[in-house]
Amino acid sequence: MSLPALIVIAIIILYIINSIKILKEYERGVIFRLGRISPAKGPGVILVFRPLDQIVRVSLRQEAMEVPPQDVITKDNVTLKVNAVITLRVIDPTKAVIEVTNYIYQTSQFAQTTLRSVLGEVNLDELLAHRETLNQRIQTIIDGHTAPFGVKVVSVEVKQVDMPESMLRAMAKQAEAEREARAKIIHAEGEFNAAAKLVDAATLMATQPMTLQLRYLQTLTEIGVEKNTTIVFPLPMELMNLLNKTLTPGSEK
């Protein structure tokens, strides 16, 4: 066999070897043959005959994308900085290549505008208390934008909400005032219950006068337990009333 024939055979073999491409399990290859799209191929071994064919590799794995902090003005006119994390994946490699220039950049822009518009329609309290509902709503809106180019938004999570220092101080004062109000209400309820019990006890003692005398003796016992030198001798109220009537001039006519 002549030398030129060997060279031609070697070139053909090298060309075929160079045309062999291996796609991983999570990859798909979108091939343009003479500028026309071909069905996505992969995974495994495929042949790409350059320069007739051009291949674009597309990953089907989930990708986490962080939305840059956005200046948001809530419905109650509170200025915040909010960022989020979006998880997405390609479900149609062909559309992801031919419908948009860069599907990640496109999704990021949709996410930024949607984040500002949705959070601008709610109050601050709703943003802090119902974050899961807002995440679901943002995900539904973004997914509606990305579906035409074969991208599925798996989840959206509002990552961080940065509030001004003045707002943080105001919220701290509000929480402190609410705790003080609850403490005062609990204290007042305790006083009310104690007063009700005292009224019940007084009513019960009034039915049995001897109970007052027993209570009097119990009080004297409690005072004497501590070995005090002070002697407390309470006088009955009836005796005090009798003395007042006796000593007051003109009390009896």
Side-chain angles (χ1 to χ4, degrees), residues 21 23-44 46 48 53-164 167-168 171:
K21 304 296 181 183
L23 297 178
K24 298 181 178 63
E25 184 66 31
Y26 57 84
E27 288 183 328
R28 298 294 183 270
V30 179
I31 298 177
F32 293 89
R33 179 161 295 169
L34 296 177
R36 293 181 177 274
I37 190 72
S38 298
K41 297 182 179 180
I46 63 173
V48 180
D53 296 343
Q54 292 181 346
I55 183 173
V56 178
R57 295 174 182 260
V58 179
S59 175
L60 301 184
R61 293 181 295 182
Q62 290 188 5
E63 301 184 38
M65 179 185 65
E66 183 174 0
V67 180
Q70 302 296 309
D71 291 326
V72 177
I73 300 178
T74 61
K75 189 177 180 180
D76 49 353
N77 296 323
V78 178
T79 304
L80 307 172
K81 275 190 174 295
V82 183
N83 64 347
V85 175
I86 297 178
T87 306
L88 55 91
R89 63 187 299 267
V90 177
I91 57 176
D92 191 336
T94 302
K95 289 184 178 181
V97 172
I98 65 176
E99 296 292 340
V100 291
T101 305
N102 188 331
Y103 67 88
I104 294 180
Y105 176 78
Q106 192 94 348
T107 305
S108 176
Q109 295 302 308
F110 282 140
Q112 294 178 34
T113 56
T114 304
L115 188 66
R116 288 196 297 267
S117 62
V118 171
L119 299 185
E121 297 175 357
V122 298
N123 295 324
L124 177 61
D125 293 339
E126 186 177 354
L127 170 59
L128 298 177
H130 305 286
R131 189 174 296 185
E132 187 64 30
T133 304
L134 295 175
N135 291 340
Q136 187 65 36
R137 181 181 174 189
I138 295 172
Q139 175 188 349
T140 303
I141 296 175
I142 300 176
D143 193 45
H145 287 299
T146 59
F149 51 86
V151 175
K152 172 65 178 177
V153 177
V154 179
S155 65
V156 175
E157 295 289 339
V158 175
K159 184 178 179 182
Q160 186 175 355
V161 179
D162 294 331
M163 291 180 288
M167 179 58 61
L168 292 176
M171 293 178 65

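Reckoned from all heavy atoms, side chains included, excluding hydrogens, waters and symmetry mates. Because the structure is predicted, anything quoted here is derived from the model rather than measured.
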Got V72 and K81 here, is their nearest side-chain heavy-atom distance under 4.5 Å?
no
Interatomic distance, CG@L119 vs CZ@R131, rounded to 0.5 Å, equals 9.5 Å
Supply the atom-to-atom distance L60 CG to K24 NZ, rounded to the nearest 0.5 angstrom.
13.0 Å
Value for CG (N102) from OG1 (T107), rounded to nearest 0.5 Å, stands at 8.5 Å
Keeping the roles fixed (side chain from Q139, backbone from V153), state whether a donor-acceptor pair exists under 3.5 Å.
yes
Can you find a heavy atom in the side chain of P68 that is under 4.5 Å from one in the side chain of Q112?
yes
Under 3.5 Å: donor-acceptor pair, side chain of D76, backbone of N123:
no
Kindly write out the residues that satisfy side chain to side chain contact (heavy atoms under 4.5 Å, CB included) with S155, not counting sequence neighbours, or none if the list is empty.
T87
Roughly how far, to the nearest 0.5 Å, is CG of L128 from CE of M163?
5.5 Å
Quick check: do L23 and R57 have side-chain heavy atoms less than 4.5 Å from each other?
yes
Output, in order, the C-alpha distance, side-chain angles, deciding distance and verdict of side-chain hydrogen bond (donor to acceptor under 3.5 Å, both in side chains) for N83 and Q160.
CA-CA 6 Å; N83 64 347; Q160 186 175 355; 4.6 Å; no
Only residue of R89, R137, K152 satisfying salt bridge (Lys or Arg N to Asp or Glu O under 4.0 Å) with D143 is K152
If you compare all heavy atoms of V90 against all heavy atoms of A96, which two are closest, and at what distance to 0.1 Å?
CG1-CB, 3.9 Å
Is the number of heavy atoms from other residues, nucleotides or ligands under 6.0 Å of I73 CD1 greater than 12?
no
Before giving the answer on salt bridge (charged side-chain N to carboxylate O under 4.0 Å, His left out), spell out for E27 and K21 the whole-Å C-alpha distance, their side-chain angles and the decisive distance to 0.1 Å.
CA-CA 12 Å; E27 288 183 328; K21 304 296 181 183; over 6 Å; no
For side-chain contact (heavy atoms from CB on, under 4.5 Å), just list the numbers for T114 and V156, CA-CA rounded to whole Å, side-chain angles, deciding distance to a tenth of an Å, and then say yes or no.
CA-CA 11 Å; T114 304; V156 175; over 6 Å; no
Kindly determine whether V158 and L134 satisfy side-chain contact (heavy atoms from CB on, under 4.5 Å), including the steps that lead there.
CA-CA 8 Å; V158 175; L134 295 175; 5.6 Å; no
For the OG1 atom of T146 and the NZ atom of K95, what is their distance to the nearest 0.5 Å?
11.5 Å
Give the minimum heavy-atom separation between V30 and P93, together with the two atoms involved.
CG2-O, 3.8 Å
Main chain of I104, side chain of S108: is a donor-acceptor contact present, judged purely on distance under 3.5 Å?
no
Here the pair of heavy atoms bringing V82 nearest to L115 is O-CD2, 3.8 Å
Verify, without hydrogens or angle tests, whether Q54 (side chain) and G35 (backbone) share a donor-acceptor contact under 3.5 angstrom.
no
Taking every non-hydrogen atom, the tightest pair across H145 and P148
O-CD, 3.2 Å
Supply the atom-to-atom distance I86 CD1 to E66 CD, rounded to the nearest 0.5 angstrom.
10.5 Å
Check each of V56, I55, D53 against F32 using the side chain to side chain contact (heavy atoms under 4.5 Å, CB included) test, and report the only one that passes.
V56
